[in-house]
Enquirer: 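Mind having a look at this structure? Questions to follow.
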Amino acid sequence: MLDIQLFRKDLPAVASRLASRGFQLDTARFETLEAERKAIQTRTQELQSRRNSLSKQIGVAKGKGEDASALMAEVGGLGDELKAMETRLDGIQAELQELLAAIPNLPQPDVPLGDDAAANVELRRVGTPRQFDFTPKDHVDLGEGLDLLDFATAAKIASSRFVLMRGPLARLHRALTQFMLDVHTQEHGYEEVYVPYIVNADSLRGTGQLPKFEADLFKLTNDMYLIPTAEVPVTNIVRDEIIPAENLPIRLVAHTPCFRSEAGSYGRDTRGMIRQHQFDKVELVQFVRPEESNAALEELTGHAETILQKLGLPYRVMLLCTGDMGFSSSKTYDLEVWLPGQNTYREISSCSNFEAFQARRMQARFRADQGRPELLHTLNGSGLAVGRTLVAVLENYQNADGSVTIPEVLRPYLGGMERLSAV
RNA sequence: GGAGAGGUGGCAGAGUGGUCGAAUGCACCGGAUUCGAAAUCCGGCAUACGGGUCUCCCGUAUCGGGGGUUCGAAUCCCCCCCUCUCCGCCA
């Protein structure tokens with residue numbers, strides 16, 4: 001959520017910055033609501049003030065045993081208008097709130113302008129895609145060929161967009177998770193947290209998934225939701241909290257499954273593990289002082305990159321353009337890993353600085369010394385999406401005979417296993 | 001899931017219809033005292049929103065959340081959430 005003061009101070013400027021990311025702000029509606037709000041709020045508070053002082057006088061009079069009927073008649077006359085004003089004020093505040101809650105974050109000045117992914121800017125490539133002396137398979141052919149990846153059975157158990165992994169492949173998937181957690185906790189200074197996989201609506205509003213993106217979520221029968229990312233439970237740790245400044249920055253890492261309904265993506269990535277209803281992710285989250293958030297974004301992105309580097313996976317770093325950024329983000333880097341089976345780079349991590357956007361929704365603040373509480377800044381990034389990392393390992397480390405060499409750094413997690421082959 | 005108890009400021013804890021944004025204690029901050037410290041004394045010490053003559057003043061709201069009764073609600077009524085104790089169930 002953006003600061004409403006911004007809209008009051010310079011509406012056209014905010015509107016144009018929002019337009020740069022493809023959001024049309026209804027400025028006329030805002031101005032009307034705001035003018036109405038001001039008039040009604042002033043009048044309401046006036047009436048409340050009058051009522052309070054008269055009521056107080058009634059109390060005093062009755063305490064002295066005097067007749068208060070004249071006072072009571074006067075305050076009684078306020079009742080109808082006051083009630084009407086309060087009701088209208090509530091309505092307008094709710095409408096303003098709703099309007100505000102649906103407005104995305106402002107892009108930072110150095111975010112490139114653009115409508116969609118085509119305008120994203122490639123910042124750098126790291127690692128060189130391997131030259132194969134045979135035609136590389138994609139992870140589906142590899143996994144099914146090894147009899148370790150089974151989409152048909154998963155579809156029987158659940159539906160399409162689920163996967164069943166067997167034996168050493170299931171273990172490799174687990175090894176990747178362990179590896180990522182170990183690197184982030186031992187080398188990057190993150191604290192590992194274990195969090196609920198089911199959250200309430202307040203938490204989803206806090207991070208920005210609600211109210212606009214309910215269709216992307218799996219909603220349970222008790223009005224709770226399966227998490228679409230660990231970002232939701234982990235970031236909401238600080239909701240309604242005031243953190244002592246000396247505790248910042250806070251760096252947290254969590255491994256969770258993620259559940260996404262993928263509504264509206266019927267034709268996209270239907271093959272393989274790229275786009276699933278359920279996938280695992282290791283998520284990095286940071287809470288920092290405002291002036292440090294951009295440096296923290298660079299740092300956090302680097303932490304995610306480290307995983308790719310240690311795994312020897314070629315990737316590139318993309319700076320997302322205004323039109324391709326997530327709703328809550330002010331600036332986002334995507335890491336895209338090279339997939340030989342698709343002969344292209346695919347997103348494997350997304351690292352964002354939300355500035356105070358989520359913090360304002362969450363009322364997540366910090367206090368420096370004796371100062372007033374101030375909104376902190378939140379960031380997060382995948383470090384990494386485990387399923388897609390597994391795909392990348394399979395495809396990049398495949399051999400001509402259909403087996404897969406295990407990257408060195410993972411072998412300690414696999415009892416020294418060097419090669420993935422059929423059970 | 002059942003029965004009971006309870007949710008008040010950073011913490012502890014009073015307050016059961018009126019001058020209560022809320023006693024008192026602890027913690028914290030400033031000052032006095034002291035060579036310095038402890039102790040003691042004095043003062044300060046919530047958040048959000050709105051308005052203004054905008055480093056300050058005024059107003060409004062907030063005692064788990066929402067609704068209601070009333071001129072007036074921390075206090076009474078209803079619904080919900082959470083915590084604790086006991087029982088049941090259970091990894």
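By convention in this document, chain letters (A, B, ...) are assigned in the order of the sequence lines, proteins followed by strands, and residues within each chain are numbered from 1.
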Enquirer: Under the side chain to side chain contact (heavy atoms under 4.5 Å, CB included) rule, collect the residues that match up with A/L100, sequence neighbours excluded.
Expert: A/M1, A/I4, A/F7, A/I103
Enquirer: Determine the Euclidean distance between corresponding C1' atoms of B/U75 and B/C63; express it in Å to zero decimal places.
Expert: 10 Å
Enquirer: Taking only residues two or more places apart in sequence or in another chain, which ones pass side chain to side chain donor-acceptor pair (under 3.5 Å) with A/Q186?
Expert: none
Enquirer: Please classify the nucleic acid contact of A/K38 as base, sugar-phosphate, or nothing, using heavy-atom distances under 4.0 Å.
Expert: sugar-phosphate
Enquirer: For RNA chain B, which ranges pair as stems of 3 or more consecutive Watson-Crick or G-U pairs, with both donor-acceptor distances under 3.5 Å?
Expert: B:1-7 with B:81-87, B:10-12 with B:24-26, B:28-32 with B:40-44, B:46-52 with B:56-62, B:64-68 with B:76-80
Enquirer: If you restrict it to nitrogen or oxygen atoms, what contacts under 3.5 Å exist between nucleotides 6-10 of chain B and the protein, and what is each distance?
Expert:
none

Enquirer: Taking only residues two or more places apart in sequence or in another chain, which ones pass side chain to side chain donor-acceptor pair (under 3.5 Å) with A/N353?
Expert: A/S293, A/N294
Enquirer: List the residues meeting side chain to side chain donor-acceptor pair (under 3.5 Å) with A/E298, not counting sequence neighbours, and say none if there are none.
Expert: A/Y333
Enquirer: Closer to the 5' end of RNA chain B via nearest nucleotide, is it A/Q93 or A/K83?
Expert: A/Q93
Enquirer: Under the side chain to side chain contact (heavy atoms under 4.5 Å, CB included) rule, collect the residues that match up with A/A102, sequence neighbours excluded.
Expert: A/K212
Enquirer: Determine the Euclidean distance between corresponding C1' atoms of B/C42 and B/A46; express it in Å to zero decimal places.
Expert: 23 Å
Enquirer: With nearest nucleotide decided by heavy atoms, which residue, A/P373 or A/Q5, maps closer to the 5′ end of RNA chain B?
Expert: A/P373
Enquirer: Figure out the CD/C1' separation between A/E74 and B/G72, and round it to whole Å.
Expert: 15 Å
Enquirer: Could you check which residues of residues 41-60 of chain A get a heavy atom under 4.0 Å from RNA chain B? Sort them by number, please.
Expert: A/Q41, A/Q45, A/Q48, A/S49, A/R51, A/N52, A/S55, A/K56, A/I58, A/G59, A/V60
Enquirer: Identify, with sequence neighbours excluded, every residue that meets side chain to side chain contact (heavy atoms under 4.5 Å, CB included) alongside A/D80.
Expert: none
Enquirer: Could you tell me whether A/E187 and A/K310 make a salt bridge, using a distance below 4.0 angstrom between a side-chain N and a carboxylate O?
Expert: yes
Enquirer: What's the CG-P distance between A/D90 and B/G68, to the nearest Å?
Expert: 10 Å
Enquirer: For A/Y197, check side chain to side chain contact (heavy atoms under 4.5 Å, CB included) against everything at least two apart and list the hits.
Expert: A/Y194, A/I227, A/T256, A/P257
Enquirer: Suppose we screen for side chain to side chain donor-acceptor pair (under 3.5 Å). Which residues come up paired with A/N200, at least two apart in sequence or across chains?
Expert: A/S203
Enquirer: With sequence neighbours left out, which residue pairs that include part of residues 230-260 of chain A fulfil the ring pair (Phe, Tyr, Trp, His ring centres under 6.0 Å) condition?
Expert: none
Enquirer: For this output row, return yes or no: ring centroids of A/F162 and A/F151 closer than 6.0 angstrom.
Expert: no
